[in-house]
Amino acid sequence: MSDSNSSKTDIIVVGSGPAGSTTARFLAQEGFRVKILEAKSHVGIPVRCGEAVARDTFEDILKIPMPENAVRAVIEGFRVFSPNMKSIDYRLPTGEGWVVDRRVFDKEMLIAAVREGAEIDLNTRVLHTKIDKEKCVTLKTECKGKKITYTAPVVIGADGIYSTVARDVGLAEPIEPIDLDTSVGYEMVGVDFPEQSMFDLYVGEELVPRGYIWVFPKGEHCANVGLGIGVGFAKKPVKEYLDDFIFNHPEGKRRFKNATIIEERIGAIPVGGVLDKFATDRVLLVGDAARQVNPLTGGGIAYGMEAGKMISDTLVEAFEKENFSESFLRKKYEGYWQKVYGASFGMGLKARKILDKITNEQMNNIIEALDGEDLIKAIRGRWKQIKLGTKLMKKDPSLVKLITDALFK
Ligand SMILES: Cc1cc2nc3c(=O)[nH]c(=O)nc-3n(C[C@H](O)[C@H](O)[C@H](O)COP(=O)(O)OP(=O)(O)OC[C@H]3O[C@@H](n4cnc5c(N)ncnc54)[C@H](O)[C@@H]3O)c2cc1C
């Protein structure tokens, strides 16, 4: 057993996905000595993602540039198709975001962290985490068959949905099946696009129960085509839903008749909202490890990165005050999170429950009654700003009841 320069490390970040690398980057920028431990030999693969990223997180919130080489498509808006194939089309004046290549994107986020001074040990899997409240956190790891022990005053668990750090420090909670989406996706070439700058989303009770199908452009008739379905809602293997859409649905047959699948992806998305607690003595969780994933869209990249900045602000104060207690870290970090996302994630979770019950007819009606601005408000949890009563009452009074019961009772 050997030590690995632990005395020179202030903070260890476990995992170098977008959440871990970005947390390390902000911490290193603040002058902390940061070490990343990554189980794999290469970040960003296998890709388990639709690869859509919001622009405002980068430019407005984190004030970091999106690396140009990671961008496969610039997105200006979205179309949401109802079961009867009517659509809401929406274009944001300032642009909606990007579809990236996660192989490049994750690498670029890591490069930025290393450029700021963070170190990384690859092929280093954390097996066990132990907290000594008064002193430090000890990580038992394995690197190419060799056992190595690391210690640091503070550890960040950025090790994804199945976080071992969260499990060992008692923060992980079992995920109820209803709070998990099973996802299947393809990268395809030769896809028909009326416009290669719009996200296309399809919904429908039989088409994709408790979920949506996405067609995200990736430049030059390439696309990520995928779906997520709530566990327990599928009546056949999830992959069959995607294949049925692509090969048997009239829309799919039209759009994909000349398309070829060049990559297959599978994954699980936690859509049950954040953990009750995502910090304890000397340990904080970020990204999927803390389940910082939008319950309505399943998007998690931007939230984990933003939480990385919240952690950095928290730890600047914690080191100044030499206070690494659970109560201090929770108050600060979870306080930042709740202030920014507490209400919208809470509403998102309730809104997701509408999707558990909504019928095709109701979905057709809602898509006819609402516009793109309304959908953006819904995704951001600002339901009260949508004049639901006025917009839906004439169209379908059952919808008003379904939505107000779910959101406001
Ligand atoms: C099919 C699918 C589609 C999605 N589409 C989108 C989308 O379009 N847009 C979006 O915003 N989000 C999307 N998401 C969610 C998004 O992929 C995740 O929220 C995001 O990757 C979380 O980042 P992270 O850094 O927290 O974790 P991860 O990206 O999972 O990274 C965790 C890292 O930790 C490492 N690690 C794990 N265990 C250990 C260990 N014990 N020791 C050391 N290292 C370890 C892993 O190797 C990995 O590098 C999608 C998810 C899925 C499954």
S.K.: Between V137 and I12, is there a side-chain heavy-atom distance shorter than 4.5 Å?
M.R.: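 No. Closest side-chain heavy atoms not under 4.5 Å.
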
S.K.: With rounding to the nearest 0.5 angstrom, report the NZ to CD1 distance, K350 to I403.
M.R.: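 If I round to the nearest 0.5 Å, the distance is 13.5 Å.
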
S.K.: Between E306 and Y341, is any side-chain donor less than 3.5 angstrom from a side-chain acceptor?
M.R.: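 Per modelled atom types, E306 and Y341 side chains form a pair under 3.5 Å.
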
S.K.: Just by distance, with hydrogens left out, do D374 and Y90 show a side-chain donor and acceptor under 3.5 Å apart?
M.R.: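 Side chains of D374 and Y90: no pair found under 3.5 Å.
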
S.K.: Under a 4.5 Å cut-off applied to non-hydrogen side-chain atoms, are K309 and Y336 in contact?
M.R.: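 Counting from C-beta outward, K309 and Y336 never come under 4.5 Å.
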
S.K.: State, yes or no, whether a side-chain contact exists between D200 and R255 at a heavy-atom distance under 4.5 Å.
M.R.: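 They are in contact (side-chain heavy atoms under 4.5 Å apart), so the answer is yes.
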
S.K.: What's the verdict on side chain to side chain contact (heavy atoms under 4.5 Å, CB included) for L127 and K147, showing C-alpha distance, side-chain angles and the deciding distance?
M.R.: CA-CA 10 Å; L127 304 175; K147 304 272 192 241; 4.2 Å; yes

S.K.: Can you label the angle between the W337 ring and the Y303 ring as parallel, tilted or perpendicular, going by 30° and 60°?
M.R.: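 Ring orientation of W337 relative to Y303: perpendicular.
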
S.K.: Using a 6.0 Å cut-off, check whether atom CD of E361 has over 12 heavy atoms from anything other than its own residue.
M.R.: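 Open.
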
S.K.: Could you tell me whether the side chains of E368 and S82 share a donor-acceptor contact shorter than 3.5 Å?
M.R.: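 No pair is found: no donor N or O on one side chain lies under 3.5 Å from an acceptor on the other.
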
S.K.: Using ring centroids (six-membered ring only for Trp), state whether W98 and F105 fall under 6.0 Å.
M.R.: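 That pair fails the under 6.0 Å test.
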
S.K.: Side chain to side chain contact (heavy atoms under 4.5 Å, CB included), that's the test. Do E116 and F26 meet it? Break it down for me.
M.R.: CA-CA 8 Å; E116 290 294 343; F26 286 123; over 6 Å; no

S.K.: Above 12 or not: heavy atoms from other molecules or residues under 6.0 Å from NZ of K40?
M.R.: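 More than 12 within 6.0 Å, yes.
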
S.K.: Salt bridge check: are K218 and E263 linked by an N-O gap of less than 4.0 Å?
M.R.: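 No salt bridge links K218 with E263.
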
S.K.: In terms of side-chain geometry, is the basic nitrogen of E51 or R72 positioned less than 4.0 Å from the acidic oxygen of its partner?
M.R.: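 Result for this pair is no, no salt bridge flagged.
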
S.K.: Please enumerate all residues that pass side-chain hydrogen bond (donor to acceptor under 3.5 Å, both in side chains) together with E195, with sequence neighbours excluded.
M.R.: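 For E195 the side-chain hydrogen bond (donor to acceptor under 3.5 Å, both in side chains) partners, ignoring immediate neighbours, are R91.
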
S.K.: Kindly assign one of parallel, tilted or perpendicular to the pair F324 and F319, based on the angle between their ring planes and the thresholds 30° and 60°.
M.R.: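 The arrangement is perpendicular - the two ring planes meet at more than 60°.
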
S.K.: Cut-off 3.5 Å, side chains only: do D396 and Q362 have a donor facing an acceptor?
M.R.: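 There is no such pair between these side chains.
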
S.K.: Taking R291 first and then D179, would you say they form a salt bridge - that is, a charged N and a carboxylate O separated by under 4.0 Å?
M.R.: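 No, this pair does not count.
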
S.K.: Can you tell me how the ring of W214 sits relative to the ring of F216, calling it parallel under 30°, perpendicular over 60° and tilted otherwise?
M.R.: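 Plane angle under 30°, so parallel.
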
S.K.: Just checking, any donor-acceptor pair under 3.5 angstrom between side chains of Y186 and K239?
M.R.: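 Yes, K239 and Y186 have a side-chain donor paired with an acceptor closer than 3.5 Å.
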
S.K.: Check whether any side-chain heavy atom of C49 sits under 4.5 Å from a side-chain heavy atom of I301, and report yes or no.
M.R.: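 Result yes, sub-4.5 Å side-chain heavy-atom pair found.
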
S.K.: Taking the basic N atoms (NZ, or NE/NH1/NH2) and the acidic carboxylate oxygens, is any pair closer than 4.0 Å for K277 and E334?
M.R.: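 A salt bridge is absent here (no side-chain N lies under 4.0 Å from a carboxylate O).
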
S.K.: CD1 of I266: more than 12 outside heavy atoms within 6.0 angstrom?
M.R.: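 Incorrect, the count does not exceed 12.
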
S.K.: Take atom CD of Q338 as the centre, draw a 6.0 Å sphere, and report whether it contains more than 12 heavy atoms from other residues, nucleotides or ligands.
M.R.: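 Yes, because the 6.0 Å sphere around CD of Q338 holds more than 12 heavy atoms from other groups.
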
S.K.: Picking from Y241, F81, F78, what satisfies ring-ring contact (aromatic ring centres under 6.0 Å, His included) with Y202?
M.R.: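 Single ring-ring contact (aromatic ring centres under 6.0 Å, His included) partner of Y202 among Y241, F81, F78: F81.
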
